[in-house]
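Shown next, in structure tokens, is the structure this report addresses.
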Amino acid sequence: MGDYREVQAGSKPFKRAYIAVMLWFVGRAIQAAARVDKAVREEFEKLPEGFTFSLGVQPHGPYMIVGKNQKGRVKYLGWKPESKVVDLRMAIKNIEAALLLFTFQESTAISICRDRIDFDGDLPPALTVIRAIGIVEVYLLPKLISKLAIKRYPVWSFGRKYLGRIRIYFHSILGY
Amino acid sequence: MRIQDYYEFIARVRIVSGHDVLEKIPDELKKIGATKPLIVTDKGVSGVGLVDVLKNALGEKITIAKIVDDVPQDSDIRIVQRLAKEYREVGCDCLIALGGGSVLDTAKGINIMVSEGVNDLMKFTGKGVVKKALKPLIAIPTTAGTGSEMTQAAVIEDHEKKLKKLFVSPFISPDIAVLDSRMTLTLPTAITAATAMDAMAHAVEAYTCLGKNPMSDTCALTAIKLIRENLLTVMKSPDDKNGRLALANAATLAGMAFSNSLPGVVHSLGHSVGSVCGVPHGVCMAILLPYGLEYNLHKNEQLTAELLLPLGGEEEFVKTPKHLRAERTIYFIRKLNQDLHDVSDHRHARFFKEVLDREGKRMVPRERLPEIAQAALGDGTVIYNPEDLDLDDFLMIIEASWEGVPLDRSRIKKG
Amino acid sequence: MYKPESYEFFCPIKFSSGSRALENIPFELEALSARKPLIITDKNVTRRGLVRKMITAFKDSGVTIGIFDGIPDVPDMQLVTELSNIYRNGEHDAIIALGCGSIVDVAKVVNIAVSYNVKILRDLAGDNLMAHPLGPFVLVPTLTGTGYETSKFTFIEDLTFSSYFLMPDLVVIDSRTVRSESLQTTVATAMVALAHAAEAYTGPGKNPITDAYAYAAIQYVKDNLITVLTKPRNKEGRLALVNAAGMAGCAFSNMKPGLIHILGEAISAMFHIASGICMGILLPYGLEYTIQKNGYHTYDLLLPLSGFDEYAGTAENLKAEKAVNIMYEMQQDLYKVTGKKIPRTLEEANVPKYMVNDIAEKVFKDGAREFGIDDYRMVLEHAWEGKPMAHS
Ligand SMILES: [Fe+2]
């Protein structure tokens, strides 16, 4: 029996913390982008009132929840999915896959193609959310990096790109 | 060939192929320990006597619990619910789906309901939501096209609420696919052409879209070759049993490929033309396939060029200079459509304005193209397409494919 | 033109291959309703740090894992009993084999033992005697394959078990567990895969689905083996070779063993040479024999071996010959890049000439009657001498 042992695999606190911060920031950035950017606003307009989605890591998080309130405003709703009714759940299969995604080594599309994300809910809203995240990434990241995160780098006016970027950073950090 | 940085592949379906293999089903059922199948099929299939062929093949060895043959062209939630109820009432312990995509989707839906013991199927929409093994499901495809006997997905519509729900999980795929040449022998030539082009689209898109992997690649190459070598001969002599079986195999291989490497823009638009105008899926695939390749060409030149080998044959491949091969591939798809058009008394459509309903009316009116483009934005397959698409891109493709003119490639946005 | 005929095919394996593949295991186990896996491996694997990699992959999953790393090269039933007890007492509900060869053999037999009962194991040895699926079984292979890991076969003591239920539910190939191995081991792993795949591709049971698995395996071995031997740092190549080994096992489970396999195993057992090395020697000769017997299947072999351009540019009647020549060239290359460590002929493998006849007779006597004794002898004689059969 000397060759047998039981191991309780530990945790990855630093990786989790990084993902938690990224999710928090992306969640608030989506909220900000929905105010600032016309394309993101239009994407979210397609979704029904009260629509809520979560993006997180299986099995124990972290998560972010974003939803549309009664007035049609897109809001970051925190990191606790337990207490909320979520219409669309996007779950990254493990923390390493989340890391690939949030260190922009894999684009959202590639991550899905490699079967690293599960969906619980309908597809059209999921696509809306993915497109919105794509636009947010263009705002938040330098071109060199966001080119890896999306399929086709868009041609935007100077104002949309740089002024928009400043406004979204500003709103995300201040949270309104 | 380079190995992918990461890939997954699964094809858990047992395949039984041959000319008289329905007869093996009783033994197969015995192996899984099932005795009372519910047979799900549609009026078209039972109308041409295929249910009788199946009944004879099963013989005395199997008590068929019940046969239902009223599955509509598009699977609907209500029929799924009704049949799940019947399954339970009769006390069945397995399912046999005899038909095309809709019948199989319906059977997959029933299977989720009866295995999970629920009355609300919609709880299970999404990817990876069904998490446990379901009841035995045997698929007997009667069209050589959809390949859904190999896929892990089911699409169930709620026509009343105008919703289309997608269910994806490895547990949804059938346990056994029985490819018997008798089942496709009576398929009318126009449908043979359309469904074969669906399989062709599965193979081509699996090979050229983002989910590609070594196994989906080899399945796709073989499928394309089998279709090229057999489709036109079967069109000319529909009784060619070997050709029919080859096409059925091609569809299954293509199903294996695209189940593991999901299709792209051809399917995004194809699904939308189907849901907006009711054009049969295979017809959309045949028309859209060359356009999808054209649209992605700047990202996919090498892969598209490789397809010239299975599509054009060896001589053609050698004789075409490397830099022209991709365009030649697209030419061969268009040529195949043209040939099918010619041998089918012009019933095989080459572009959307040519698609007519029974009364000879256009199924796709030009003014509905924007609506189609809009719907395509909500189709999941967009993700798997190598190049991104916005509303204008979809509109550009659908307009060109309606008119029947090649894409103006200078208009394609290349990030 | 090749048309599919009557055939059956089954392969329940899900492949997950590439970067961060190991980290998928907790998720996949969950999908198989398993919460407490038992990892079976050996000291060598532990020493190389792979067990540590596995434990890291389980971090954050909340799963407790059991690890047994005492599998010897020649395991026995005693060990199976011991492991079954560990499995039961530790309340494990899945088996993960980390490694190849005897590790996987034991893991498969233990899976039978815990799903049935250890006492009736002997009754289940044979062909398809298991009536129901076994517990969840995950394979994480290294580059040390013997050709059976992903197959439906397993062996222990004098027993052979064969059932589709023995194939893994999941095969996880991660670049981090696919370390470089000794030249002989790498070549043996690759060549057994190539031999099985080539025989599946050209044999009488050929069908389009087996072909798909075989094609990928052939191509990966051809494109990567020499590179991996000359550039041990080439991660991608090693990943491809282990993929090839996995796929070849699936093909092998859906065909009748061919001549190369039968003779290769026999020589391996009689002279204690790795079966992959034996099959590597026999490969071109066996194929030449197949060409003479049923040439129409063989020409297609050139496609995965040479790629699109060369295949398309070669006349139909020369394709089979060219495919065999590629195999011969590969033997020469292996001999060269390994500093003559990989034998090209049975003579170089130190098989005495006078034993050639004995091998043929033994194979035939042991029940491999698919081929005639003269056929066996002919292939062996040519492979001993290193003389192509094309013109005899
Ligand atoms: Fe399709």
### Message
Any donor-acceptor pair under 3.5 Å linking the side-chain atoms of A/Asn94 with those of C/Asn24?
### Response
yes

Around atom [atom1] of [X], are there more than 12 heavy atoms from other residues, nucleotides or ligands closer than 6.0 Å?
X	atom1	result
A/Lys12	NZ	yes
C/Glu157	CD	yes
C/Lys231	NZ	no
C/Gln78	CD	no
A/Trp79	CH2	no

Paired with A/Tyr4, the side-chain contact (heavy atoms from CB on, under 4.5 Å) test is passed by just one of C/Ile86, C/Ile67, C/Asp69, namely C/Ile86

Side chain to side chain contact (heavy atoms under 4.5 Å, CB included) between A/Glu6 and C/Ile65, intermediate numbers included | CA-CA 6 Å; A/Glu6 268 191 19; C/Ile65 43 183; over 6 Å; no

Less than 4.0 angstrom from a charged side-chain N to a carboxylate O is my criterion; do C/Asp60 and A/Lys15 meet it? no

Practice task
Using a strict 4.0 Å threshold on nitrogen-to-oxygen distance, state whether C/Glu23 and A/Lys93 make a salt bridge.
Solution key: no

Nearest-0.5 Å distance, [atom1] of residue [X] to [atom2] of residue [Y]:
X	Y	atom1	atom2	result
C/Ser19	A/Glu96	OG	CD	10.0 Å
C/Ile40	A/Asp3	CD1	CG	12.0 Å
C/Arg20	A/Arg114	CZ	CZ	11.0 Å

Looking only at A/Ser11, A/Pro59, A/Ala97, the option with the highest number of non-hydrogen pairs under 4.5 Å against chain C is A/Ser11

Non-hydrogen atoms of chain A under 4.5 Å away: do they reach the side chain of [X], the backbone, both or neither?
X	answer
C/Ser16	neither
C/Leu38	side chain
C/Phe27	side chain

Hits for ring pair (Phe, Tyr, Trp, His ring centres under 6.0 Å) against A/Phe104, two or more places apart or cross-chain, chain-then-number order -> none

For A/Phe51, the ring pair (Phe, Tyr, Trp, His ring centres under 6.0 Å) test, sequence neighbours excluded, returns none

Scanning both residues in full, the closest heavy-atom pair of A/Gln8 with C/Val63 reads NE2-O, 4.0 Å

Under 4.5 Å to a heavy atom of chain C? For A/Leu99 that would be neither

